[in-house]
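We name chains A, B, ... by the order of the sequence lines, and we start the count at 1 in each one.
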Protein chains: 2
Amino acid sequence: MFKPVTIKDIAKALNLSTSTVSRALRGGYEISEETKQLVLNYAEKINFKRNPIALSLKERRSYSIGIVVCEVANVFFSQAIDGIESVAYKRGYHVIISQSHDRYEREVTNIEHLANRSVDGIIISLAAETKNYEHIERLNAQGLPIVFFDRILESMETHKVTSDNRQGAFEATEYLIKRGCKRIAHVANAEQLSITAQRKIGYEDALKKYGIPVNPDLITYCEHGGREQDEVEQAVATLLAMPEKPDAFFVASDRLSMGCLSALKKYGAENILVSGFSNSDVVELFEPSISCVRQPAFEMGRIATEMLISLIEAKYPVDEYETRILNTEFKPIGT
Amino acid sequence: MFKPVTIKDIAKALNLSTSTVSRALRGGYEISEETKQLVLNYAEKINFKRNPIALSLKERRSYSIGIVVCEVANVFFSQAIDGIESVAYKRGYHVIISQSHDRYEREVTNIEHLANRSVDGIIISLAAETKNYEHIERLNAQGLPIVFFDRILESMETHKVTSDNRQGAFEATEYLIKRGCKRIAHVANAEQLSITAQRKIGYEDALKKYGIPVNPDLITYCEHGGREQDEVEQAVATLLAMPEKPDAFFVASDRLSMGCLSALKKYGAENILVSGFSNSDVVELFEPSISCVRQPAFEMGRIATEMLISLIEAKYPVDEYETRILNTEFKPIGT
DNA sequence: TTGAAAGCGCTAACAA
DNA sequence: TTGTTAGCGCTTTCAA
């Protein structure tokens, strides 16, 4: 069926050996300009392309990197992917995207799929449901380069990129306080995620700064990251049903933010002030509205990829790792 | 660095030949139950995985399929991707996603990247800017299985999946007419896209049915698919500046719909009624609001993948091709 | 039932 | 400067 031309075909046609052809193709030294042009012209004519699979087998690397995110339909992640692609392509790498849908099993399957010599390294943001990290630790121990972004695994020794989740959460909460809110609920992501912990600290710090007591009842975790809208609606309903209803919501992620706004609308609680993490580009269209903490998603992807490629191409084993924390930006409603 | 175990390691450890190990691993016949178990147990113990690259080279296929869409940040496409993945994984295929960002050059690059023996087939929705199809036609002629979905290439003989764009557009336009609108503008995608033509026909059919003259001045094409918001704002501004201002908009795609709503809000024209194609799941939060034509994106992805795999795994050359047209669903505002 | 050997497409020592 | 050859990991005839 699909039968691409090989180096052998060229060799035969030109009456050369495959190695000569190979050398000519890769612009080698040790070859006469004449032969080289001959080969190059012919290759061009018949539209020859090196077989990347054979190359991979030979070089024992694939020039492709794997990405694992919870889902591409999430603006934050699709922007991050754009950032990843921007440097990957420039450096000659393919990008293979896979989605965990915030499920542990999917994450394991995807990583194993990617790992087994078909990618040279992996960039990952953990699934909300992941609590066991063996699948990643094992690969890392085997020497597969892994870089974390966004939802990182603190305990693993490798490069990491996050945004300043603490500060972002602080600003979002402070904004609500300054707008006069006193009972600020926090709809959080799965408890074990790094970002959840950081954002919670920021939230609490803001409350403390203004002398507002931290009330654990006002904090709800969505263990599945809001994978099903039910989960979020449940959380919102519970908060709204409290004897002393919250007067504001601080929401910890893009998906949760959308879910909360929907739920608030559904329950007719549009008057409640909302701020939260979201990279949506149509946020100004939302009603009820939301003040957003923006993460530099593209930049995070870019940096994570630089880091990964530096690991992949490192001549000597790397033992100094870096954690980059990028600034967030706060956008109050209507700006 | 990363050094996975090979079949050879197993052979050495167990004092067998590589061929025996290979046979045992793939549950072959011609092998004693005893040896088989021995190998299987050992392989399990050391967590052996076959090297997919070597396999690909050998079998001359990669068990992976390539996808080209304009962007994953678009809900329609991310849903379609979920559909594609759902069947691909079940059938043992990897999925490699790439984005054209509606640019012709990116589409060409991506396709060539994917094609050269690293994928067994391609599922594609054309970039808005693509007007020349040689890059696809050549591959198809070479025997690489290709399936189109959404933005199809009518002239190519292969399987295709679309939704009923004509009917969807008809319903969206008819709705506006029934709400009393008389001057309905149409913000369309790039003119050469299959979906643009179909949706325009649906729009015009509806107008004709109700005796409203088709006014070409009310139709604006966005040649870049709304890749930059400027393009959409320009289109909206021009329409709003007409001596007889339109009283409604029919918008032809998800991206354009978002862009139009933003632009309408910006120009203070929220009173204009809007309907259009959109698979957004937070559409009820939008202000101004929009009535949506929903496409069965997941289903389209699913079917396209079934089709592609049937082409890939076909024992004999296929020469009967199918075009599936799926129904859309119309959701008036507030339902 | 097992092993030896060839080959998928390519590169790189080594020889000529 | 060019060709010969071995080998990347795996499967698969063919022989034993």
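Residues Thr20(A) and Ile31(A) are in side-chain contact: their nearest non-hydrogen atoms beyond the backbone lie under 4.5 Å apart.
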Please tabulate, for side-chain N and O atoms in residues 303-312 of chain A, each donor-acceptor pair with protein atoms closer than 3.5 Å (sequence neighbours left out).
unit_1, atom_1, unit_2, atom_2, d
Thr305(A), OG1, Gly301(A), O, 2.6
Glu306(A), OE1, Arg91(A), NH1, 3.3
Glu306(A), OE2, Arg302(A), NH1, 3.4
Ser310(A), OG, Met307(A), O, 2.8

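Applying the 3.5 Å distance criterion, the base of dA12(C) shares no donor-acceptor pair with the side chain of Ser22(A).
Counting to the nearest Å, the C1' atom of dC10(C) and the CZ atom of Phe48(A) are 9 Å from each other. In this structure, the CG atom of Leu55(B) is 15 Å from the P atom of dG9(C), given to the nearest Å. The separation between Lys12(A) atom NZ and dG9(C) atom P is 11 Å, rounded to whole Å. The distance between atom CD1 of Ile31(A) and atom P of dA12(C), rounded to the nearest whole Å, is 13 Å. What separates CG of Asn51(A) from P of dG7(C) is a distance of 18 Å, to the nearest Å. Separating the CG atom of Leu57(A) from the P atom of dG7(C) is a distance of 17 Å, rounded to the nearest angstrom. If you take OH of Tyr63(A) and C1' of dG9(C), they are 16 Å apart, rounded to a whole angstrom.
Out of dG7(C), dT11(C), dG9(C), the shortest distance to the side chain of Thr18(A) is found at dT11(C).
Think of the region where chain A sits on DNA chain D: with heavy atoms and a 4.0 Å cut, that region ends 5' and 3' at dT1(D) to dG9(D).
Nearest approach of Glu129(A) to Asp102(A), heavy atoms of both residues: CG-O, 3.0 Å.
OP1 or OP2 of dC8(C) has not a single side-chain nitrogen or oxygen of Arg61(B) nearer than 4.0 Å. Close to dC8(C), at under 4.0 Å from its OP1 or OP2, lies a side-chain N or O of Lys8(A).
Atom NZ of Lys49(B) has more than 12 neighbouring heavy atoms from other residues, nucleotides or ligands inside a 6.0 Å radius.
Under the 30°/60° scheme for interplanar angles, the aromatic rings of Tyr93(B) and Tyr63(B) are found to be tilted.
Counting any heavy atom pair closer than 4.0 Å across all strands shown, Thr6(B) reaches sugar-phosphate atoms only and no base atom. Across all strands, Ser32(A) comes closer than 4.0 Å only to sugar-phosphate atoms, never to a base (heavy-atom distances).
For residues 123-160 of chain A, the ring pair (Phe, Tyr, Trp, His ring centres under 6.0 Å) pairs, not counting sequence neighbours, are Tyr104(A)-His135(A), His159(A)-Tyr321(A).
The side chain to side chain donor-acceptor pair (under 3.5 Å) search around Arg50(B) returns none, not counting sequence neighbours. Scored by the side chain to side chain donor-acceptor pair (under 3.5 Å) test, Thr130(B) finds Glu107(B) as partners (sequence neighbours excluded).
Comparing Leu16(B) and Thr20(A) against DNA chain C, the residue whose closest nucleotide sits nearer the 5' end is Leu16(B).
Here the NZ atom belonging to Lys131(B) is positioned 10.0 Å from the CG atom belonging to Leu193(B), to the nearest 0.5 angstrom.
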Polar atom pairs (N or O), protein with nucleotides 14-16 of chain C, under 3.5 Å:
none

